[in-house]
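Values reported hereafter were calculated over all heavy atoms of this structure, with side chains retained and with hydrogens, waters and symmetry mates removed.
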Amino acid sequence: MEFSIKQGSPEKLHSGCVLVGVFESGKLTDAAQVLDKSAQHYISDIIARGDMTGKAATTLLLHSVPAVASERVLLLGLGKPAELDARQYRDCVRAAMRALQATNAKEVLLYLAELPVKGRDSAWCISQAVLAAYETAYRFDRLKSKPEKNKKVLQKIQFGLLAAKPTAALNTAVSQADATAQGMILAKDLGNLPGNVCTPTYLAQQALTLAKKHKTIKTTVLDEKDMQKLGMGSLLSVTRGSAEPAKLITMQYLGADKTQKPIVLVGKGVTFDSGGISLKPGAEMDEMKYDMCGAASVLGTVQAIAEMGLKLNVVGIIPSCDNMPSGTATKPGDIVTSMSGQTIEILNTDAEGRLILCDALTYAAKFDPDTVIDIATLTGACVIALGHVASGLFSNQDKLAHELLAAGEQSQDRAWHMPLWEEYQPQLDSNFADMQNIGGRAGGSVTAACFLSRFTKDYRWAHLDIAGTAWKSGKDKGATGRPVPLLTQYLVNRAAGSK
Ligand code: BES
Ligand code: MN
Ligand code: ZN
């Protein structure tokens with residue numbers, strides 16, 4: 001898809017379909033008023049007849065409207081003007097994109113940029129529209145023997161401005177949203193691929209491919225022998241039952257002077273989590289192919305910022321393996337030594353994410369990081385706490401937490417701040433090792449974060465538990481590409497912060 005911004009009157013500019021908004025009060029947006037005037041009340045007559053109420057996220061497609069250059073007009077209901085906030089705008093824009101994709105129009109002209117969305121500017125309106133265009137067009141059918149005829153009619157999207165000229169800031173909004181959307185597509189594709197295709201080796205190949213495409217990225221892949229030498233006994237304990245070789249993938253993006261400390265992203269890359277000897281129940285176990293969505297979000301984010309050419313240094317680290325039962329698998333009660341030297345009693349082999357992350361987090365210190373953020377489908381408890389709306393956010397520094405929360409608000413990929421208080425730590429006490437890998441049912445997502453915090457004392461750190469947000473179940477089963485928007489926005493903000 002191609003995007004551009006153009007100044008001009010909606011009735012004059014030619015396209016396959018011009019979109020204008022109408023409110024539930026019957027009030028027309030500025031662009032709709034201009035169209036209506038030119039078409040001699042064609043639109044207000046339809047509204048008077050009651051066929052378009054302006055209810056949020058409803059649409060009405062009109063053909064050959066008199067005195068309008070475009071072939072079609074799409075009316076988009078925006079709801080009540082006072083209620084047009086970020087969420088409502090997003091619902092409306094998604095509905096609009098679906099309606100546009102159902103037409104045969106190749107080029108469309110959208111008057112969305114200048115809508116009065118509470119607390120948001122034109123750049124934001126445009127970004128969200130670009131993301132919605134890709135979001136609603138996304139299909140994953142490459143593994144069907146006869147992929148649906150992917151018609152992909154919609155090719156060009158123009159954002160119309162009534163009076164203002166396109167600015168550099170608006171053009172940047174378009175290109176950055178495009179890069180973010182491509183990053184989300186990469187993350188979704190990797191998440192949706194099954195465990196027999198998307199293995200640790202496959203993820204490593206993806207990271208090598210990224211380095212081939214971008215001179216600014218350098219990828220290295222460590223194998224099990226290398227990890228052994230580094231003393232990653234915790235990570236290696238998870239892969240013991242699997243025939244697939246584990247990988248530790250590192251992508252270094254150099255966008256600023258190499259003396260500038262990097263922001264390190266660490267993504268959980270369990271390409272299938274059966275639970276190991278602490279085997280999971282059968283129902284919906286297939287969804288544990290998504291247990292590498294943290295890793296996928298790191299790949300997607302690194303791709304996005306490389307595409308943007310952000311002036312920032314970022315390192316992506318992906319510890320990747322399968323968690324499988326077998327005669328060689330780790331057993332409940334086994335005690336392992338992590339790279340940090342701390343020993344861990346593994347009471348449940350299904351709490352494996354923290355076991356691979358702790359060694360990756362120790363390894364992250366080698367890069368002398370400014371900040372480390374890990375992203376993981378870590379706990380079912382986080383889904384119970386926050387559902388599928390917000391990712392769980394934990395941090396050892398409030399300032400960092402607030403920056404991430406803000407990036408989530410900006411990108412509408414939200415997180416919620418959870419506690420990381422000392423009072424939870426004793427739940428991890430073990431009789432036989434420095435700690436155990438589970439803390440009981442109470443506060444399961446907090447004790448998982450507490451476990452990680454024991455390996456991140458030397459730097460500023462945040463942890464995102466994306467167990468509830470990385471994919472959808474049921475009829476709409478599929479990866480969401482989250483939290484690529486949040487992470488990318490955070491990095492854009494950091495790059496703008498001149499550091
Ligand atoms: N990958 C799972 C977490 C998960 C579960 C994500 C369900 C999304 C949906 C993780 O490895 C896991 O199994 N966690 C256990 C931890 C428990 C054994 C302490 C869990 O949440 O049940
Ligand atoms: Mn598990
Ligand atoms: Zn897992």
Side-chain angles (χ1 to χ4, degrees), residues 1 90 93-94 97-98 101 127-144 147-148 150 152 154 176-200 202-207 209-210 213 249 251 265 267-273 284 286-308 316 318 320 375-377 383 388-389 391 408 411-415 464-489:
M1 266 186 271
R90 208 152 74 121
V93 166
R94 282 184 182 168
M97 293 301 173
R98 274 190 212 102
Q101 268 145 6
S127 300
Q128 288 294 318
V130 170
L131 291 172
Y134 282 113
E135 176 100 58
T136 50
Y138 181 82
R139 300 283 177 280
F140 187 80
D141 53 11
R142 68 167 83 161
L143 297 179
K144 300 204 187 221
E148 273 170 56
N150 217 348
K152 282 196 180 150
L154 192 51
Q176 293 198 335
D178 200 328
T180 304
Q182 302 309 323
M184 289 175 79
I185 289 171
L186 175 61
K188 286 188 203 182
D189 283 349
L190 292 172
N192 287 330
L193 281 170
N196 62 333
V197 176
C198 185
T199 59
Y202 186 90
L203 286 179
Q205 280 162 355
Q206 293 293 309
T209 305
L210 268 192
K213 280 196 205 139
I249 306 159
M251 293 169 283
L265 305 177
K268 173 178 173 183
V270 174
T271 49
F272 189 74
D273 179 14
E284 280 131 43
D286 66 287
E287 295 191 6
M288 284 299 120
K289 73 172 183 179
Y290 290 115
D291 214 15
M292 35 54 70
C293 281
S297 77
V298 172
L299 279 153
T301 301
V302 169
Q303 176 183 285
I305 61 162
E307 201 67 55
M308 294 176 191
I318 295 174
S320 183
I375 308 100
T377 48
V383 190
H388 303 287
V389 178
S391 303
S411 60
Q412 288 292 288
D413 178 8
R414 292 190 293 179
L464 284 164
D465 193 332
I466 58 165
T469 53
W471 77 91
K472 289 183 182 153
S473 309
K475 189 170 69 56
D476 293 328
K477 193 190 286 182
T480 60
R482 292 179 68 182
V484 170
L486 183 160
L487 293 170
T488 306
Q489 186 67 56

Do [X] and [Y] come within less than 4.5 Å of each other through their side chains, counting heavy atoms only?
X    : Y    : value
M251 : I318 : yes
L486 : S391 : no
Q206 : L186 : yes
M97  : Y134 : no
V130 : Q176 : no
L143 : P194 : yes
Q303 : Q182 : yes

Once rounded to the nearest 0.5 Å, what's the spacing between atom [atom1] of [X] and atom [atom2] of [Y]?
X    : Y    : atom1 : atom2 : result
E307 : T488 : CD    : OG1   : 11.5 Å
L190 : T271 : CG    : OG1   : 11.5 Å
L487 : S297 : CG    : OG    : 5.5 Å
Y202 : S320 : OH    : OG    : 12.5 Å
M184 : T480 : CE    : OG1   : 6.5 Å
Q128 : R94  : CD    : CZ    : 8.0 Å

Please check if the side chain of [X] supplies one atom and the backbone of [Y] the other of a donor-acceptor pair under 3.5 Å.
X    : Y    : value
H388 : G468 : yes
D273 : M288 : no
R139 : T136 : yes

Looking only at heavy atoms, which two atoms of [X] and [Y] are closest? And how far apart?
X    : Y    : result
T377 : A470 : CG2-CB, 4.1 Å
G408 : R414 : O-CG, 3.5 Å
L203 : A295 : CD1-CB, 4.2 Å
M1   : D178 : O-OD2, 4.3 Å
A187 : G481 : CB-CA, 4.2 Å
V93  : A132 : CG1-CB, 3.5 Å

Is there a side chain to side chain contact (heavy atoms under 4.5 Å, CB included) between M292 and C198 once you walk through the steps? CA-CA 9 Å; M292 35 54 70; C198 185; 4.1 Å; yes

List for me each residue that meets salt bridge (charged side-chain N to carboxylate O under 4.0 Å, His left out) alongside K477, sequence neighbours excluded, and say none if there are none. D286

Applying salt bridge (charged side-chain N to carboxylate O under 4.0 Å, His left out), can you list everything that pairs with D189, at least two apart in sequence or on another chain?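 Salt bridge (charged side-chain N to carboxylate O under 4.0 Å, His left out) list for D189, sorted by chain: R142.
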
Give me each pair satisfying salt bridge (charged side-chain N to carboxylate O under 4.0 Å, His left out) with a member in residues 287-297, each pair once, sequence neighbours excluded.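 Qualifying pairs: K268-D291.
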
With a 6.0 Å cut-off (strictly less than), is the heavy-atom count around CZ of R90, excluding the residue itself, greater than 12?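 Above 12, so yes.
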
Test side-chain hydrogen bond (donor to acceptor under 3.5 Å, both in side chains) applied to [X] - qualifying residues, sequence neighbours left out:
X    : value
E135 : K188
S127 : none
Q489 : N493

